[in-house]
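A quick write-up on the structure given underneath.
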Amino acid sequence: MKLRQHGILLAMLAALAGCGEPDQVDKAKAPEAEQPVAVEEPVKLPAKVDIWQSPMELDLEGTKVTLHSALWLNTMPVIGEDGSVPANKLFASIKVVTADDKPLPKGVEIMQVMMAQDDEQWLSQNNLDVRVLEKQGLEIAINGGPEWLPGGKANIAVTLLYKGQEHVLVETGVLLEQAH
């Protein structure tokens with residue numbers, strides 16, 4: 001029995017001996033082995049950004065920029081082309097204006113507009129109707145939004161691009177009015 005145990009032990013040692021480093025002669029003949037790849041630590045992303053903590057005023061090259069917005073539901077009785085009565089959709093006029101009547105710096109682009117009321121949000125990125133307001137600003141006209149109740153208040157966040165840098169500007173507590 002002991003002889004059998006010694007035989008098994010020797011077989012295991014022989015198998016393990018084959019797992020060692022190759023001899024120097026073998027290394028010279030073997031093609032170069034690939035270098036081990038260093039494992040990089042994953043990039044730690046910043047904590048979730050709360051867009052509503054963005055400033056209510058931006059300084060773009062010494063020019064203070066703010067939002068002045070109007071929201072309303074169009075509840076005027078209308079009949080659609082197909083004879084149906086369309087829903088009372090939200091309309092918005094959001095103005096990006098300078099606080100000190102200076103001209104708005106050239107190159108300001110509107111990327112998106114987000115509006116929120118309670119737990120509901122409305123994001124508008126495509127087909128934004130952006131109009132120039134003489135020298136001191138831009139107006140973003142949006143229609144077809146959600147059917148929020150008149151008298152409530154909403155928060156507005158505008159993402160704009162200036163000199164390759166995104167900025168977010170907010171306005172809070174904008175009253176939702178009703179057009180009869």
**OP:** State the CZ-NZ distance between R131 and K95, to the nearest 0.5 angstrom.
**Re:** 10.0 Å
Original post:
Got W122 and L90 here, is their nearest side-chain heavy-atom distance under 4.5 Å?
Top reply: yes
Original post:
What residue among T159, L138, L161 forms side chain to side chain contact (heavy atoms under 4.5 Å, CB included) with I110?
Top reply: L138
**OP:** Hey, could you give me the OG1/CD1 distance between T172 and I156, rounded to the nearest 0.5 Å?
**Re:** 9.5 Å
**OP:** Could you check L176 against Q117 for side chain to side chain contact (heavy atoms under 4.5 Å, CB included), going step by step and ending with a plain yes or no?
**Re:** CA-CA 10 Å; L176 182 54; Q117 185 182 58; 4.3 Å; yes
**OP:** Please work out which of the three classes, parallel, tilted or perpendicular, describes the rings of H167 and Y162, given edges at 30° and 60°.
**Re:** tilted
Original post:
Heavy atoms, side chains only, cut-off 4.5 Å: are V130 and E139 in contact?
Top reply: no
Original post:
Do the side chains of L123 and V170 join up, straight or via other hydrophobic residues, at under 4.5 Å, putting them in one cluster?
Top reply: yes
**OP:** Under the side chain to side chain contact (heavy atoms under 4.5 Å, CB included) rule, what do I94 and V113 come out as? Steps first, then yes or no, please.
**Re:** CA-CA 9 Å; I94 302 158; V113 175; 3.4 Å; yes
Original post:
Does any N or O in the side chain of N155 come within less than 3.5 Å of the main-chain N or O of G173, such that one atom is a donor and the other an acceptor?
Top reply: yes
Subject >> Test side chain to side chain contact (heavy atoms under 4.5 Å, CB included) applied to L58 and K64, step by step >> reply: CA-CA 6 Å; L58 286 176; K64 304 286 187 208; over 6 Å; no
Subject >> Stepwise side chain to side chain contact (heavy atoms under 4.5 Å, CB included) check, L160 with M111 >> reply: CA-CA 5 Å; L160 54 93; M111 304 297 293; 5.6 Å; no
Original post:
In this structure, which one of V97, V96, T98 forms a side chain to side chain contact (heavy atoms under 4.5 Å, CB included) with T66?
Top reply: V97
Original post:
Do P150 and E177 come within less than 4.5 Å of each other through their side chains, counting heavy atoms only?
Top reply: no
Original post:
Considering only heavy atoms from C-beta outward, does the side chain of L71 approach that of M115 to under 4.5 Å?
Top reply: yes
Original post:
Cluster question for you: counting only ILVMFWY and a side-chain heavy-atom cut-off of under 4.5 Å, with indirect links fine, are M56 and L175 together?
Top reply: no
Original post:
About how many Å separate CG of N143 and OG of S124, when rounded to the nearest 0.5 Å?
Top reply: 9.0 Å
Original post:
For the atom pair CD (E166) and CD (E109), what is the distance rounded to the nearest 0.5 Å?
Top reply: 10.5 Å
Subject >> Distance-minimising heavy-atom pair for I51 and A157 >> reply: CD1-CB, 3.9 Å
**OP:** Please examine the side chains of V158 and V168, heavy atoms only from C-beta on, and report whether any two atoms are closer than 4.5 Å.
**Re:** no
Original post:
If you look at every heavy atom in W52 and M114, which pair is closest and at what distance?
Top reply: CH2-O, 3.7 Å
Subject >> Side-chain donor or acceptor of K102 paired with backbone N/O of G62 under 3.5 Å >> reply: yes
Original post:
Within a strict 4.5 Å, meaning less than it, do heavy atoms of the W148 and E120 side chains meet?
Top reply: yes
Original post:
Do you know which two heavy atoms are closest between V174 and S69, and how far apart they sit?
Top reply: CG1-O, 3.8 Å
Original post:
I140 versus D129: any side-chain heavy-atom pair under 4.5 Å?
Top reply: no
